[in-house]
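In what follows, a single structure is set out as structure tokens and then discussed.
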Amino acid sequence: MKSIPISILWLVTLQFCWCSQASVEICSTFSCNPTEQDTIMFPFHVPRNQSNRCGYPGFDLTCGRNGQTFLNLSSKPLTVKAIWYTDQLLLVSDPDKCIPKRLLTLNLTSTPFSYGAEDMPPYTFLNCSRTKITNLDTSPFPWTSVVACLSGSDYTVLTTLEKESEEELVDKMKCKVMKRVNAAFWWKEMYEGYFPPDMSDVSLQLGWSVPNCGDCVLNGGVCSFVNDSDLAVACFFPPDSSGLPRSAKYALVLGAGIPAIICMIGLTYYISSRARARNQNRGYPNIESSPAIFPQPMILTVGLDRPTIESYPKTILGESKRFPNTSDGTCPICLSDYLPKETLRSIPECNHFFHADCIDEWLRMNATCPLCRKSPQ
Ligand SMILES: *[C@@H]1O[C@H](CO)[C@@H](O)[C@H](O)[C@H]1NC(C)=O
Ligand SMILES: *[C@@H]1O[C@H](CO)[C@@H](O)[C@H](O)[C@H]1NC(C)=O
Ligand SMILES: *[C@@H]1O[C@H](CO)[C@@H](O)[C@H](O)[C@H]1NC(C)=O
Ligand SMILES: *[C@@H]1O[C@H](CO)[C@@H](O)[C@H](O)[C@H]1NC(C)=O
């Protein structure tokens, strides 16, 4: 991995001199599974397929046989589900379907990653011995789940986000606190405000702060090393590109990116409204003062008002489903296909099309085009 054959280096050098005026090599993006648009770009790279200088140390990925992308932490692979380059966050899951087990032993000290959830309430893991606890037993405890993959026949491991639940479980059910971790989990049904009954196979959020490339990607640039000898990075705007580079376009749409962000907004909203209701009912201390249960810098952006959204052009899709400027037949927000007679809306500034329902929802929370991040104002 460390030694690149001289001939490859030479080729790469020749190529940059030949095709681009940029002073450094701009690595092309890579994908373990091109059909999924799962773009791998700086600081991540796949050493097996890309030059050593295409990625930052510690951001090495491997491709799996079935098109999965893996990140090794503590020399064991985690499956990469999504990377948000602009927010410098990624989601990983455990190939063995027990992310809490990995979490309890994970030491991120020697990696570039953190949980990116330091300001959030921790998940407390509890070992409840002498009792077999089921999902139903945990239902009186809000934001509490069983971790089936860590439980045995005579003990159950639970995890909770709520201090009150933790205290009650310790008092009444004699559970022992195993660990508190300021991590954020993501799961599919999040947007329904639904806490999974079993936390075994959820995704874990990881964040990074170095190298700091989020703003560069957001502005349509390509982050890269400045030279061949050290770790300084800079933002490059390839001179030959017309408009946004492909990489920036896909950075946000990666995997379940947008739906997940929308889900996260919904869940945060749901949790805070539930917390409010609970506080009123039970006189709990107000936990509303914590900004959000989940750490999502991207949800703090302010969206557009309804009249502005309504002023954007709508199109009813004809039987032929033909309309300008869509790369394929799938709405990148809700990931469902465009069907005849459906209503689409486009963003005038960049002429990108989406299902009207999906883009309206998005624009209410974000004032930018989800594909190119251009702001309509
Ligand atoms: C990556 O490299 C491996 C081995 O060098 C090769 O088998 C594989 O086809 C490459 N993948 C892509 C997508 O180029
Ligand atoms: C990750 O670990 C696996 C084995 O556990 C190994 O085959 C693979 O090469 C490692 N990948 C990287 C990028 O270190
Ligand atoms: C994590 O690993 C570092 C060394 O790499 C060590 O100093 C630190 O104590 C470890 N932390 C925990 C919680 O084990
Ligand atoms: C939970 O406690 C039981 C008994 O006290 C123990 O046997 C078991 O290993 C513990 N489980 C975990 C995951 O620590």
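Please read all numbers here as calculations on a predicted model, not as lab measurements. Note that ligands are numbered from 1 as they come in the structure, with each ligand's atoms numbered from 1 the same way.
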message: Using a 4.0 Å cutoff against the non-hydrogen atoms of Asn49, which atoms of ligand 1 qualify?
response: 1 (C), 2 (O), 3 (C), 8 (C), 10 (C), 11 (N), 12 (C), 14 (O)
task: Identify, by atom number and element, the atoms of ligand 1 in contact range of Arg48, meaning under 4.0 Å from any of its heavy atoms.
output: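 Result: 3 (C), 4 (C).
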Non-neighbouring partners of Glu310 that pass side-chain contact (heavy atoms from CB on, under 4.5 Å), sequence neighbours left out: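 Glu310: side-chain contact (heavy atoms from CB on, under 4.5 Å) contacts with Arg306, Lys314, Arg345, Asp360.
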message: Within the 3.5 Å criterion, strictly below it, is a donor on Thr160 or Thr144 matched to an acceptor on the partner's side chain?
response: yes
- request: Using distance alone, with no hydrogens and no angle criterion, decide if Thr79 and Gln68 have a side-chain donor and acceptor under 3.5 Å apart.
  value: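 Per modelled atom types, Thr79 and Gln68 side chains form no pair under 3.5 Å.
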- prompt: Side chain, backbone, both or neither: which part of Lys176 has a heavy atom under 4.0 Å from ligand 4?
  reply: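 It is neither; nothing of Lys176 touches ligand 4.
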Within 6.0 angstrom of Lys179 NZ, more than 12 heavy atoms from elsewhere: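 Atom NZ in Lys179 is packed in, count exceeds 12.
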message: Which protein residues come within less than 4.0 angstrom of ligand 3, counting heavy atoms only?
response: Asn107, Thr109
query: What is the minimum heavy-atom distance between Gln205 and Tyr115, and which atoms define it?
result: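 Heavy-atom minimum between the residues: NE2-O, 3.2 Å.
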- prompt: Can you check whether Trp208 and Tyr56 have ring centres sitting under 6.0 Å from each other?
  reply: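 Distance test on ring centres: not under 6.0 Å, no.
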field: Close side-chain approach of Glu167 to Lys163, heavy-atom, < 4.5 Å
entry: yes
